[in-house]
Trainee: 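My structure is below; once you've seen it, I'll send some questions.
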Amino acid sequence: MTTVTYKLETFEGPLDLLLHLIDKAEININEISISEITDQYLEYLHDMQELELEVTSEFLVMAATLLSIKSKQLLPKPPVIELDDEFNYLLEDEEDPRDELIRKLIEYRKYKGIAEHLHEREWERSLIFSKEPEDLTPFMPEVQENPVKGLHASDLIAVFQKALRRASKRNTVARIHRDEISVKDRIKDVISALEQSGKGGRLLFSKLLHPEMYRHEIVVTFLAVLELMKMKQIVCFQNKLFDDIVMEWRGEGKTDELQGTEIDY
């Protein structure tokens with residue numbers, strides 16, 4: 001058993017099918033053979049019916065048109081009757097039954113070519129991906145404004161000369177001396193604070209300090225406390241670790257005697 005496979009292309013209409021048959025035969029549209037084209041066209045419709053494909057009314061109308069043109073061409077032409085020149089001209093100018101079909105084919109081929117060109121442009125454009133425009137100002141290099149923009153060299157010279165004149169008037173030189181405090185004087189302050197504490201001669205070390213004191217004043221205060229401990233005039237202790245230091249007066253001499261005590265530093 002022999003199996004025959006039909007490979008039928010899809011056409012958009014009867015004119016598209018006719019153009020395919022003409023291109024396949026490699027003939028000029030103006031020189032088409034209606035008889036040959038009609039036979040090929042009907043054969044194609046027959047194949048479609050054999051494969052149970054839907055044959056639209058447009059294909060059937062075109063088949064009827066081709067058969068009508070073919071029949072007109074097969075009919076014998078009437079004998080030429082010599083009449084006056086004007087009537088003979090009208091008979092000779094009778095339209096060929098193929099002309100209307102040829103005009104439709106030429107017009108269809110033109111629009112089909114345009115459609116194919118637009119389809120190619122659409123395909124090329126589909127390969128390009130775009131996005132909405134964005135503000136690229138944050139990515140632009142920052143251009144610093146010229147601080148002397150609009151100034152001339154003469155303006156800069158004038159400002160420089162003015163600065164020199166101001167500098168020439170600064171002849172006075174001031175020296176600032178820091179107030180020095182001795183350990184001996186600070187001992188007197190500690191003893192005075194202990195006497196005024198009114199708590200049995202006890203005082204917290206933090207009470208001798210205040211936020212406005214400089215670093216050297218804090219150091220001198222600490223040395224004064226150590227000196228008093230060395231002279232066994234006070235004892236220092238803490239109630240717990242890292243707690244404030246408690247100073248307690250245990251003086252064995254009078255205050256006047258301590259004021260005369262010499263300090264080695």
Side-chain angles (χ1 to χ4, degrees), residues 126-265:
S126 65
L127 300 177
I128 301 175
F129 299 91
S130 59
K131 60 183 298 186
E132 295 294 330
E134 296 182 0
D135 184 15
L136 301 179
T137 304
F139 302 98
M140 296 179 62
E142 184 179 356
V143 180
Q144 297 183 354
E145 186 177 358
N146 187 2
V148 293
K149 182 179 180 180
L151 298 178
H152 299 283
S154 57
D155 299 327
L156 298 177
I157 294 174
V159 173
F160 180 68
Q161 292 176 347
K162 186 176 181 180
L164 290 179
R165 288 194 296 269
R166 289 181 178 177
S168 62
K169 296 179 182 179
R170 299 174 185 173
N171 297 325
T172 57
V173 178
R175 292 185 179 180
I176 301 175
H177 297 277
R178 185 174 61 183
D179 294 334
E180 298 289 345
I181 179 173
S182 64
V183 176
K184 186 176 181 179
D185 293 336
R186 195 57 179 150
I187 288 176
K188 296 178 183 178
D189 296 335
V190 173
I191 294 174
S192 177
L194 286 170
E195 291 177 350
Q196 297 175 7
S197 64
K199 297 181 181 180
R202 289 187 177 185
L203 183 67
L204 297 176
F205 179 75
S206 60
K207 296 297 182 180
L208 300 176
L209 310 177
H210 55 83
E212 290 78 13
M213 292 182 69
Y214 294 102
R215 181 179 298 178
H216 72 279
E217 292 177 328
I218 298 174
V219 173
V220 171
T221 302
F222 188 70
L223 292 175
V225 172
L226 293 177
E227 191 65 28
L228 287 172
M229 292 175 63
K230 179 181 177 181
M231 294 184 296
K232 299 181 179 181
Q233 300 299 314
I234 63 173
V235 292
C236 296
F237 60 89
Q238 289 177 302
N239 294 321
K240 60 182 179 179
L241 188 63
F242 301 116
D243 200 4
D244 201 351
I245 298 176
V246 180
M247 300 179 299
E248 183 177 357
W249 176 255
R250 292 290 179 88
E252 298 178 357
K254 296 182 179 180
T255 304
D256 295 337
E257 297 177 355
L258 290 174
Q259 293 177 356
T261 304
E262 293 294 334
I263 307 299
D264 298 335
Y265 47 87

Trainee: So which heavy atom on Cys236 is nearest to which on Ile245, and how close?
Mentor: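 Scanning both residues, the minimum pair turns out to be CB-CG2, 3.8 Å.
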
Trainee: Please tell me if the side chains of Asp185 and Val220 come closer than 4.5 Å, counting only heavy atoms from C-beta onward.
Mentor: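 In short, these two side chains do not touch, never coming nearer than 4.5 Å.
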
Trainee: Using the rule given for side chain to side chain contact (heavy atoms under 4.5 Å, CB included), can you reason through Phe237 versus Asn239, listing the C-alpha separation, both sets of side-chain angles and the distance that settles it, and then say yes or no?
Mentor: CA-CA 7 Å; Phe237 60 89; Asn239 294 321; 3.8 Å; yes

Trainee: Between Glu217 and Arg215 (salt bridge meaning N to carboxylate O under 4.0 Å), is one present in this structure?
Mentor: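 Looking at Glu217 and Arg215, the cut-off is not met.
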
Trainee: Among all residues two or more places apart in sequence or in another chain, which pass the salt bridge (charged side-chain N to carboxylate O under 4.0 Å, His left out) test with Asp244?
Mentor: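 Per chain and number, Asp244 pairs via salt bridge (charged side-chain N to carboxylate O under 4.0 Å, His left out) with no residue.
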
Trainee: Look up atom CG in Leu208 and atom CZ in Arg186, then write down how far apart they are to the nearest 0.5 Å.
Mentor: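 So the gap between those two atoms works out to 6.0 Å.
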
Trainee: Tell me which pairs pass salt bridge (Lys or Arg N to Asp or Glu O under 4.0 Å) where either residue lies in residues 129-139, with sequence neighbours left out.
Mentor: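 Output for this query lists Lys131-Glu134.
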
Trainee: Give a yes or no on this: more than 12 heavy atoms of other residues, nucleotides or ligands lie within 6.0 Å of atom CZ of Phe205.
Mentor: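 Count over threshold, so yes.
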
Trainee: Decide yes or no for Leu203 and Trp249: does some side-chain heavy atom of the first lie under 4.5 Å from some side-chain heavy atom of the second?
Mentor: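 They are not in side-chain contact.
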
Trainee: Between Asp243 and Lys240 (salt bridge meaning N to carboxylate O under 4.0 Å), is one present in this structure?
Mentor: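 Salt bridge between Asp243 and Lys240, a charged N being under 4.0 Å from a carboxylate O: no.
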
Trainee: Has Phe139 got more than 12 heavy atoms of other residues, nucleotides or ligands less than 6.0 Å from its CZ?
Mentor: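 Not more than 12 within 6.0 Å, no.
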
Trainee: Find the distance between NZ (Lys230) and CD (Gln233) and round it off to the nearest 0.5 Å.
Mentor: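 With rounding to 0.5 Å, NZ (Lys230) is 13.0 Å from CD (Gln233).
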
Trainee: Report the distance from atom CZ of Arg202 to atom CD1 of Ile234, rounding to the nearest 0.5 Å.
Mentor: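 If I round to the nearest 0.5 Å, the distance is 13.0 Å.
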
Trainee: Just jot down the side chain to side chain donor-acceptor pair (under 3.5 Å) partners of His210, sequence neighbours excluded, or say none.
Mentor: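 Side chain to side chain donor-acceptor pair (under 3.5 Å) check on His210 returns Glu212.
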
Trainee: Rounded to the nearest 0.5 Å, how far apart are CZ of Arg250 and CD of Glu248?
Mentor: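 Going from CZ on Arg250 over to CD on Glu248, the span is 4.0 Å.
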
Trainee: How long is the straight-line distance from CG of Leu223 back to CD1 of Ile218, given to the nearest 0.5 Å?
Mentor: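 So the CD1 of Ile218 and the CG of Leu223 are separated by 12.0 Å.
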
Trainee: With rounding to the nearest 0.5 Å, note down the distance linking OG1 in Thr221 to CD1 in Ile187.
Mentor: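 That separation rounds to 11.0 Å.
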
